Trainee: 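Following this message is one structure expressed as structure tokens.
Both ligands and their constituent atoms are indexed starting at 1 by order of listing. Computed from a prediction, not measured in an experiment: that's the story for all the values here.
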Amino acid sequence: MMTTQTLTSYQQILETLGIADKPGGFAIGSRYEEGNGPRITTVSPIDGVSIKEVGSARVEEVAEAIDAAVEAFYAWRTVPAPVRGELVRRYGDKLRQNKQALGALVTLEVGKIPAEAEGEVQEMIDICDFAVGLSRQLYGLAIQSERPEHRLTEQWHPLGPIGVISAFNFPVAVWAWNAALALVCGDPVVWKPSEKAPLCALACHHLLQEVIDDFEQAPDGLIVLVNGGREVGQAVAASKKLPLISATGSIPMGRAVGQTVAARLGRSLLELGGNNAMIVTPSADLDLALRAITFAAVGTTGQRCTTLRRLIVHDTVKADLLNRLKTAFSTIKIGDPREDGVLVGPLIDEGAATMMEDALNRAREQGGVVTGGERVTEGVPGGAYVRPALVEIAHDAEVVHTETFAPILYVLNYEDFDEALAVQNEVPQGLSSAIFTNNIIEAERFCGPSGSDCGIANVNIGTSGAEIGGAFGGEKETGGGRESGSDAWKNYMRRSTNTINYGTALPLAQGITFDV
Ligand code: SIN
């Protein structure tokens with residue numbers, strides 16, 4: 001078999017990343033523990049072969065890890081932000097040195113093709129660079145005071161240890177989006193990764209911990225990792241010692257986390273499911289649209305939050321585009337992601353394949369016409385391999401309004417642009433959206449206040465593959481949170497408004513006189 005990655009044996013990848021002998025149930029800085037929770041066997045979705053067993057944390061161990069992060073916070077919050085940035089800069093360098101090995105682990109543990117796996121590590125490097133620059137730009141405002149000889153300002157201070165709950169589909173980048181910002185903002189990070197990707201988490205932790213070990217100002221306990229299931233996630237969400245919980249995953253998971261955090265009046269940053277649509281108008285460049293649709297719908301085997309799930313195509317171009325898509329979907333190379341030319345690797349597990357099958361059966365019952373979507377068993381090494389599906393169906397069919405984490409593209413049609421916008425916005429989720437058009441009025445309307453209601457609205461590119469420089473997240477049931485670029489850093493800090501009187505009188509605001 002031809003492979004594009006040079007690290008092929010499981011053991012070699014784990015050794016290169018320094019985690020072959022690490023227990024990994026939980027880690028408090030440089031202390032790695034087996035944990036007393038149930039053991040997790042990590043199985044590669046590529047071939048179903050077990051990679052390594054790791055432990056998991058019990059609730060008391062989660063509490064111990066959080067306490068260590070609180071201690072670390074007291075030290076880290078007083079380290080100047082540009083010095084904190086230097087730590088993150090060194091982590092970026094470490095990731096550059098380990099890009100291929102970490103990418104190979106992402107491929108192994110969650111089945112991404114190497115280009116996407118290494119792209120994910122590149123996102124980590126990019127967010128580190130972004131955070132380093134940010135470490136000198138955590139600006140507050142100087143505000144004009146209504147009182148004489150008064151100065152009114154805002155300062156941004158470290159918030160406290162941040163809880164990060166991440167999903168299997170971006171097992172390294174999403175934590176990095178949060179961790180790089182949190183660290184420059186002065187916050188330790190408590191990470192509860194997906195049970196389906198504990199090794200990626202262990203590797204990210206270990207690489208950063210090596211940098212921390214050599215960084216005098218960084219306290220041990222600055223990063224902690226707690227592997228485990230739902231009860232571990234719940235313990236993280238419930239901890240009053242974590243002022244912010246950033247959670248990525250399904251809508252039911254986000255609802256549970258959001259309610260737990262709200263009950264203790266904490267902050268949550270939720271990045272949940274999407275049901276992303278693209279409108280293709282009569283003026284669209286169909287060659288460009290075809291490539292964008294294919295990557296967005298079948299890339300990462302349809303397992304991105306930003307995966308394209310609904311195509312809203314104008315009646316006049318539908319037949320042509322659909323024919324071309326049928327050819328692309330039926331010929332795209334599916335198989336072991338390490339094999340040259342493969343663009344679609346396995347689904348994460350059998351459960352995902354069953355959900356895809358169920359969704360396609362429901363689509364048929366609801367009047368859909370399905371092309372593709374069958375299991376692929378020939379020429380694959382085991383695992384849950386599927387052919388991406390195209391489903392011609394009515395826009396308001398129940399199944400179309402539900403996110404199924406698999407490569408299913410619902411093809412809907414429209415006649416009138418307002419109708420297309422209404423269809424685009426009629427689902428409960430609101431993460432990403434796109435339009436293909438060469439008509440500037442349509443493009444601007446799509447991005448304007450009465451256009452797409454999503455957190456991301458793109459023109460002439462697909463719905464997935466966001467750049468780290470922009471704030472990432474979405475509206476409605478997607479949860480409303482924003483992480484990564486732009487001013488998302490403000491989530492990780494507390495704002496202090498300071499009024500300073502440098503005069504000798506005491507004028508009160510609002511013109512109040514209160515002489516005693
Ligand atoms: C995701 O978080 O699932 C997707 C990110 C992206 O595609 O940009």
Trainee: Rounded to the nearest 0.5 Å, what separation is found between the CD1 atom of Ile456 and the CG atom of Leu431?
Mentor: 5.0 Å

Trainee: Quick check: does Val174 get an N/O under 3.5 Å from an N/O on ligand 1?
Mentor: no

Trainee: Can you pull out the closest protein heavy atom to atom 4 (C) of ligand 1? Residue, atom name and distance to 0.1 Å, please.
Mentor: Thr306 OG1, 3.2 Å

Trainee: For ligand 1, which atoms, with element, lie under 4.0 Å from some heavy atom of Phe472?
Mentor: 2 (O), 5 (C)

Trainee: Do any N or O atoms from the side chain of Thr478 and from the backbone of Gly273 form a donor-acceptor pair under 3.5 angstrom?
Mentor: yes

Trainee: Which atoms of ligand 1 have any heavy atom of Gly465 under 4.0 Å away?
Mentor: 6 (C), 7 (O), 8 (O)

Trainee: Starting from atom 8 (O) of ligand 1, what is the nearest protein heavy atom, named by residue and atom, and what distance separates them?
Mentor: Ala466 N, 2.5 Å

Trainee: Answer yes or no: does an N/O atom from Arg304 fall short of 3.5 Å to an N/O atom of ligand 1?
Mentor: yes

Trainee: Using a distance-only test with no angle check, is there a side-chain donor-acceptor pair under 3.5 angstrom linking Thr307 and Ser464?
Mentor: no

Trainee: Give a yes or no on whether the backbone of Ala406 and the side-chain of Thr404 come within a donor-acceptor separation of less than 3.5 Å.
Mentor: no

Trainee: Among all protein non-hydrogen atoms, which one is nearest to atom 3 (O) of ligand 1, and what is the separation to 0.1 Å?
Mentor: Cys305 N, 2.6 Å

Trainee: Quick one: look at Asn169 and ligand 1, take heavy-atom pairs under 4.0 Å, and tell me if it's side chain, backbone, both or neither.
Mentor: side chain

Trainee: Check whether Gln366 reaches the backbone of Val399 with its side chain - one donor and one acceptor, N or O, closer than 3.5 Å.
Mentor: yes

Trainee: Donor-acceptor pair, Ser268 side chain versus Leu270 backbone, under 3.5 Å?
Mentor: no

Trainee: Note the single closest protein heavy atom to atom 1 (C) of ligand 1, along with its residue, its atom name and the distance in Å.
Mentor: Phe170 CE1, 3.5 Å

Trainee: Hey, is the main chain of Lys112 close enough, under 3.5 Å, to the side chain of Thr107 for a donor-acceptor pair?
Mentor: yes

